Amino acid sequence: MTQNAIIFQFFHWYSSNDGQWWNYCASQAEALASKGITHVYLPPAYKSALGVNEPGYAVYDHFDLGEFDQKGTVRTKYGTKEEYLKCIEALHQHSISVIADMVLNQKLGGDDPETFTAIEVNPDNRNEFISEPETVEAFTKFNFPGRNGQYSNFEWNFTTFSGIDNVKDGVKKIYSIQNEYGDKWEKVMDEEFGNYDLLMGSDIEYRNESVRGEMLEWGKWYVETTGVDGFRMDAVKHIPPEFIKVWLQYLRRELNNNFFAVSEYWKNDVNILLKYLEAVENATQLFDVPLHFNFRQASLQKNEYDLRKIFDGSLLQVKPELSVTFVENQDTQPGQSLESAVDFWFKPLAYAITLLREQGIPIVFYPSLYSAEYKVEKDGNEYDINLVTVQGLEQLLQVRKDLSYGFQIDYFDHPNVVGWVRHGIDEKPNSGCAVVMSNGDDGYKEMDMGKRNANKGFHDIMGNFSEDVGTDDNGFCKFLVKGSSVSVWVANE
């Protein structure tokens, strides 16, 4: 039976580090399935250079999923390898696909120091060398003594990295490693800072044939070991697009599986996103970063924002089949370097846009459904952060699961009150819905629900109105909305 896809991001940056996260996620599998969740996106499962105190993006050992005593711990922040595999199994038992977070750009926490030749670069323009070749010492040798060659005996050293960020005389500096590929960074698409190959730590050198082979085989090992169904590709603007394309093609071919993939290219410019998709030959979908920033802008400008422009410049507008829409994620939440929170009042409207439209695949952020409390330090002060659940999100999820199907008609014809309808399909009894939202005063939209919904009563599942409305003989109706809110009208049956 047809079911709309919904991705749920089951973590946030400050998720508990007590080692029970995989067990907790497994316990929620049945509840998530009942809400219509079809995919769960899990955080990086491999050992971090910072042990249990970092979400997994400071990758130390890709092969250690919480199995070996390394970096002061056997488990990761989230639990052990055994618990991770049981979590995936629990999600699969409830027909939920699992998306693994693939961090392919950097490694941190090397085991031994090495000395090699490197050139310091201007951090604001990495193409500008600001020193002569010099001897640098850095922890770029990875022996993984706790794993002792199990699964792979590949040894990472300075020849397998293109550059490093390294602290010298108390100052963090960026160095281009001088190797057989010359004094140039890898060719990546993003021209921020001249060349944004290096994000942090030791940047993986994909011009090295042995490195490419190791990462291809690791990807295959990971899928065969865990049984995951797809990938969230981290920080792809720092990785040559050619390798991302080859990596995904290799796994799909070798494992005879058309794995789902969505990549994080953090750029509020749809033209650059389109250029990236062309470079990888549409091998992956992309998070719709421009749409997220439209949501943020709309939430801050309130009734001064023209809702008719909410899709302008978004991937959803120009290539909806490859758009994964989101309201917030672990990088945008308060306390993070990319903090760009959507103001609370607008979140129900933003989620209605991502969940109840035909175009795009929506992702729901953990705190939006479960809430989150944590502390952050900023400017020498500690702040209590409380992310409460999004009002009406449970209802929006249910409407997407059961009712938001069929032909779509848009009514984006007013700067402060917009709406759309879905006519429903025979396969989903009583399906169809009418969505109307306002960022200003109370209002309404006269909208056409189609002949199949003629002479029906409708109620607002969001609970903003106690009175029903009804369609006429042709399916038309005046659907109401209160100021600064969204109403979703569904058939009384």
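Since we're looking at a predicted model, the values are computed, not measured.
- If you check the side chains of Ser152 and Glu214, you find a donor sitting under 3.5 Å from an acceptor.
- For the pair Glu242 and Lys245, the salt-bridge criterion is met [side-chain N within less than 4.0 Å of a carboxylate O].
- There is no side-chain donor-acceptor pair under 3.5 Å between Tyr405 and Glu358.
- For the pair Lys107 and Trp156, the cation sits on the ring face: its NZ or CZ lies under 6.0 Å from the ring centre, inside 45° of the axis.
- Within the cation-pi definition used here (under 6.0 Å to the ring centroid, within 45° of the axis), Arg253 does not qualify as a partner of Tyr250.
- Here Glu264 does not pair with Lys237 in a salt bridge; the nearest charged N to carboxylate O distance is not below 4.0 Å.
- For the residue pair Asp402/Gln398, the side-chain donor-acceptor check at 3.5 Å is satisfied.
- Using a 4.0 Å cut-off between charged side-chain N and carboxylate O, Arg147 and Asp64 make no salt bridge.
- Of the possible polar contacts, one joining the Asn157 side chain to the Thr159 backbone as a donor-acceptor pair under 3.5 Å is found.
- Judged by distance alone, the side chains of Thr332 and His292 never bring a donor and an acceptor atom under 3.5 Å apart.
- Side-chain N or O atoms of Glu114 include one that pairs as donor or acceptor with a backbone N or O of Phe158 at under 3.5 Å.
- Side chain of Thr226 to main chain of Tyr222: a donor-acceptor pair is present (N/O by atom type, distance under 3.5 Å, no hydrogens or angles).
- Atom CD of Glu278 sits in a sparse spot, with 12 or fewer heavy atoms from other residues, nucleotides or ligands closer than 6.0 Å.
- When Asn386, Val376, Leu387 are each tested for a side chain to side chain contact (heavy atoms under 4.5 Å, CB included) with Pro334, only one passes: Leu387.
- Taking the six-membered ring where tryptophan is involved, the planes of Phe11 and Tyr78 are perpendicular, since the angle between them exceeds 60° and thus also 30°.
- Cation-pi geometry between Lys71 and Tyr60 is satisfied (NZ or CZ under 6.0 Å from the ring centre, within 45° of the ring normal).
- Not one N or O on the side chain of Ser368 forms a donor-acceptor pair closer than 3.5 Å with the backbone of Val364.
- Side chain of Lys47 to main chain of Phe68: a donor-acceptor pair is present (N/O by atom type, distance under 3.5 Å, no hydrogens or angles).
- Ring centroids of Phe10 and Tyr41 are separated by 6.0 Å or more, keeping the two rings apart.
- For the pair Lys319 and Glu321, the salt-bridge criterion is met [side-chain N within less than 4.0 Å of a carboxylate O].
- Looking only at side-chain heavy atoms (C-beta outward), Tyr265 and Val289 stay at 4.5 Å or farther from each other.
- The only member of Gln330, Glu328, Arg232 that meets side-chain hydrogen bond (donor to acceptor under 3.5 Å, both in side chains) when paired with Gln9 is Gln330.
- Residues Phe259 and Leu248 form no side-chain contact, since every pair of their non-hydrogen atoms from C-beta on lies 4.5 Å or further apart.
- Under a cut-off of 6.0 angstrom, the local environment of NZ in Lys173 is crowded, with over 12 non-hydrogen atoms contributed by other residues, nucleotides or ligands.
- Counting only distance, with no hydrogens or angles, the side chain of Gln359 and the backbone of Arg357 share no donor-acceptor pair below 3.5 Å.
- Between the Glu54 side chain and the Gly56 main chain, a donor and an acceptor come within less than 3.5 Å of each other.
- Neither side chain, Thr354 nor Thr325, offers a donor N or O lying under 3.5 Å from an acceptor on the other.
- Looking at residues two or more places apart in sequence or on another chain, you find a ring-ring contact (aromatic ring centres under 6.0 Å, His included) between His39 and Phe260.
- The backbone N or O of Trp13 lies less than 3.5 Å from a partner atom in the side chain of Gln333, making a donor-acceptor pair.
- Rounding to the nearest 0.5 Å places OG of Ser162 at 9.5 Å from CD1 of Ile204.
- With Val136 as the fixed residue, the side chain to side chain contact (heavy atoms under 4.5 Å, CB included) test singles out one of Ile177, Thr115, Ile164: Ile164.
- Ionic pairing of Arg126 and Asp197 is not present here: no N-O contact between side-chain nitrogen and carboxylate oxygen is shorter than 4.0 angstrom.
- Distance alone, capped at 3.5 Å, is enough to place a donor-acceptor pair between the Glu83 side chain and the Thr80 backbone.
- Ring-centre distance between His12 and Tyr374: below the 6.0 Å cut-off.
- Side chains of Glu205 and Asn208: no donor on one and acceptor on the other come within 3.5 Å.
- In this structure, Gln336 and Tyr14 have side chains that are in contact, with non-hydrogen atoms separated by less than 4.5 Å.
- Rounded to the nearest 0.5 Å, atoms CG (Asn258) and CZ (Arg252) are 5.0 Å apart.
- Taking a cutoff of 4.0 Å between a charged side-chain nitrogen and a carboxylate oxygen, Lys35 and Glu394 qualify as a salt bridge.
- From Cys25, atom SG reaches atom OH of Tyr84 across 10.0 Å, with rounding to the nearest 0.5 Å.
- For the residue pair Asn294 / Asp312, no side-chain donor-acceptor distance below 3.5 Å is found, with atom types taken as modelled.
- Contact check for Phe243 versus Arg212: side-chain heavy atoms found under the 4.5 Å cut-off.
- Around the CG atom of Asn148, the shell of radius 6.0 Å holds no more than 12 heavy atoms that belong to other residues, nucleotides or ligands.
- Qualifying salt bridge (charged side-chain N to carboxylate O under 4.0 Å, His left out) partners for Arg75, counting only residues two or more places apart in sequence or in other chains: none.
- For Trp21 and Tyr366, the gap between ring centers is short of 6.0 Å.
- In this structure the side chain of Leu198 never reaches within 4.5 angstrom of the side chain of Val121, judged on heavy atoms.
- With ring centers used as reference points, Phe193 lies under 6.0 Å from Tyr196.
- In the model, Ser131 has a side-chain atom that pairs as donor or acceptor with a side-chain atom of Glu134 under 3.5 Å.
- Asp288 places no side-chain N or O within 3.5 Å of a backbone atom of Ser323 that could act as its donor or acceptor partner.
- To the nearest 0.5 angstrom, Ile239 atom CD1 is 12.5 Å from Asp190 atom CG.
- For Phe154 and Trp218, the gap between ring centers reaches or exceeds 6.0 Å.
- In this structure, a donor-acceptor pair under 3.5 Å is present between the side chains of Tyr57 and Asp101.
- Atom CD of Glu67 sits about 3.5 Å away from atom OH of Tyr151, to the nearest 0.5 Å.
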